[in-house]
2 protein chains.
Amino acid sequence: MDKSKLNNFFHSLFPIQKEIVEKITETFCDFTLDKNTILLDKDTISTKTYFLEKGYMRSYILNEDNEEITTNIYYAPCFVNDFLSFFKKQPTKETYQTITECSFWQTNLENVQKNFHSIPEFREFSRLLFVINYSKLNDRVIEMASKKAETRYINLLKQQPHIFQNVPLKIIASYLGITDSSLSRIRKEISKI
Amino acid sequence: MDKSKLNNFFHSLFPIQKEIVEKITETFCDFTLDKNTILLDKDTISTKTYFLEKGYMRSYILNEDNEEITTNIYYAPCFVNDFLSFFKKQPTKETYQTITECSFWQTNLENVQKNFHSIPEFREFSRLLFVINYSKLNDRVIEMASKKAETRYINLLKQQPHIFQNVPLKIIASYLGITDSSLSRIRKEISKI
DNA sequence: ATAAGCACTTGATAAATGACAAGAAATTAT
DNA sequence: ATAATTTCTTGTCATTTATCAAGTGCTTAT
């Protein structure tokens, strides 16, 4: 039950006292999942918030042709949350699945609510997490709308090279909004240079 | 100084007492802007949070060819916020500009902070706003990654037809991630049916 | 160890979208 | 009211990406 990675995540985001972090993470429990295992299935309600301590995972939807479209790739350390489902108790649209073996910490909404309303630092942390996630997502929309696939690939490779060591190319392709054969061709083109 | 539209926005999101809403919106001041006017310029720090009471506006960035890429379209009633800039005091990447004549209510971070930490209902409201905005943005990423331009156009037309009565097509085109001539052709194709 | 199933690549071809330029239509400024 | 400016459309052609199918190599299960 070593919560150091979980606790350090709080410290890494903003200045906060050790005792307060320990109070916040008091109710978190740990578990692990094998690779290619579903953490949260679509059309279910997320009752937990998850901290990914180790590993790679993704969220995906099925399109009209029943192809999996990867909507997000997650890597430790980070919080993994279907905000709409967890906070508004709505069924998820996406399925959340591990890519590698993963270890997690989790807690439920009741504990989050208690902390949110009783610990000012946790409120600030929660909001900061939202702001950061929103901003990342916004950057991605901008890339999707303004850059061609090759540029998006190059940027991802530059910014998160480790993803290519841990996530299959077909998942990366759909995350970039292209087919796996297109990604393969783009990689071939670039390797020539 | 009729705050009814501002106040009603709170009531429309979740059950909350009239007196609490009035307390929250106490510090909001109103102003109006002409069409095509900048509300918040890129590379500046957003010191205000805005409620758009009437009108249409957008955010945009300039790409490497100095073309404006519309990143978001806003229409009343809604809150308009550059989260990263407002909460983390970072310079904005995007410029926020009115499209039609707009009327706003605004307040500053100090007031938001005071309410956030002293009024539980305002905390819940703030988080709900984040969740809803995040979820909308996520839906947009999914569309961008999985649907072709024509489908994205049809969906926007179905879901927000009023946008086409109030926002120039070239802005809508870049919001959809295509050029204005492509949008023109797509519209022509569809009108044939 | 072998077979089965995936992941990845590659070829040929088609579809979607972009680039650029010119003109029509609408809007705005004088 | 007229001119100037901006928006929208359309034509031609180029580029980007998708589709489908086949083949190779890697991983996994028995």
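Here the structure is a predicted model, which is why all the values come from computation and not from measurement. Proteins come first, then strands; the chains are lettered A, B, ... in the order of their sequence lines, and each starts at number 1.
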If the sugar-phosphate is the primed atoms plus P, OP1 and OP2 and the base is the rest, what is the B/S/- string for nucleotides 16-30 of chain D, using protein heavy atoms under 4.0 Å? SSBBB-------S--

[X] has an atom [atom1]; how far is it from atom [atom2] of [N], in whole Å?
{"X": "A:Met144", "N": "C:dT17", "atom1": "CE", "atom2": "P", "answer": "14 Å"}
{"X": "B:Arg187", "N": "C:dT17", "atom1": "CZ", "atom2": "P", "answer": "16 Å"}
{"X": "A:Tyr175", "N": "C:dA7", "atom1": "OH", "atom2": "P", "answer": "20 Å"}
{"X": "B:Glu68", "N": "D:dT6", "atom1": "CD", "atom2": "P", "answer": "12 Å"}
{"X": "A:Lys170", "N": "C:dT9", "atom1": "NZ", "atom2": "P", "answer": "13 Å"}
{"X": "A:Ile190", "N": "C:dT9", "atom1": "CD1", "atom2": "P", "answer": "12 Å"}
{"X": "B:Glu189", "N": "C:dA15", "atom1": "CD", "atom2": "P", "answer": "13 Å"}
{"X": "B:Gln165", "N": "C:dT27", "atom1": "CD", "atom2": "P", "answer": "13 Å"}

Once rounded to the nearest 0.5 Å, what's the spacing between atom CG of B:Asn108 and atom OG of B:Ser46?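 Between atom CG of B:Asn108 and atom OG of B:Ser46 there are 10.5 Å.
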
CG of B:Leu52 to OH of B:Tyr96: how many Å apart, nearest 0.5 Å?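 That separation rounds to 13.0 Å.
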
Review item, side-chain donor-acceptor pairs of residues 14-24 of chain B, under 3.5 Å, at least two apart:
from, atom 1, to, atom 2, distance (Å)
B:Lys18, NZ, B:Glu22, OE2, 3.0

Show which side-chain atoms of residues 30-38 of chain B pair as donor or acceptor with protein atoms under 3.5 Å away, not counting sequence neighbours.
from, atom 1, to, atom 2, distance (Å)
B:Thr37, OG1, B:Asp34, O, 2.8
B:Thr37, OG1, B:Lys35, O, 3.1

Among A:Tyr153, A:Tyr56, A:Tyr175, whose ring pair (Phe, Tyr, Trp, His ring centres under 6.0 Å) with A:Phe164 holds?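 Among A:Tyr153, A:Tyr56, A:Tyr175, the one meeting ring pair (Phe, Tyr, Trp, His ring centres under 6.0 Å) with A:Phe164 is A:Tyr153.
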
Rounded to 10°, tell me the angle between the two end axes of the helix from C:dA1-D:dT30 to C:dT30-D:dA1, each built from five pairs.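 The two end axes of the helix from C:dA1-D:dT30 to C:dT30-D:dA1 meet at 60°.
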
Under the salt bridge (Lys or Arg N to Asp or Glu O under 4.0 Å) rule, what pairs show up with a residue in residues 40-58 of chain A, not counting sequence neighbours?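 The answer is A:Arg58-A:Glu68.
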
For the side chain of A:Lys5 and the backbone of A:Pro77, is there at least one donor-acceptor N/O pair under 3.5 Å apart?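 No; judged by distance alone, with no hydrogens or angles, the pair does not exist.
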
Return yes if some donor-acceptor pair links the side-chain N/O of B:Ser12 with the main-chain N/O of B:Phe9 below 3.5 Å, else return no.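 The answer is yes, because a donor-acceptor pair under 3.5 Å joins these two groups.
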
Please list, chain by chain and in numerical order, all residues satisfying side chain to side chain contact (heavy atoms under 4.5 Å, CB included) with A:Ser135, sequence neighbours excluded.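 Applying side chain to side chain contact (heavy atoms under 4.5 Å, CB included) to A:Ser135 gives A:Asp139, B:Leu84.
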
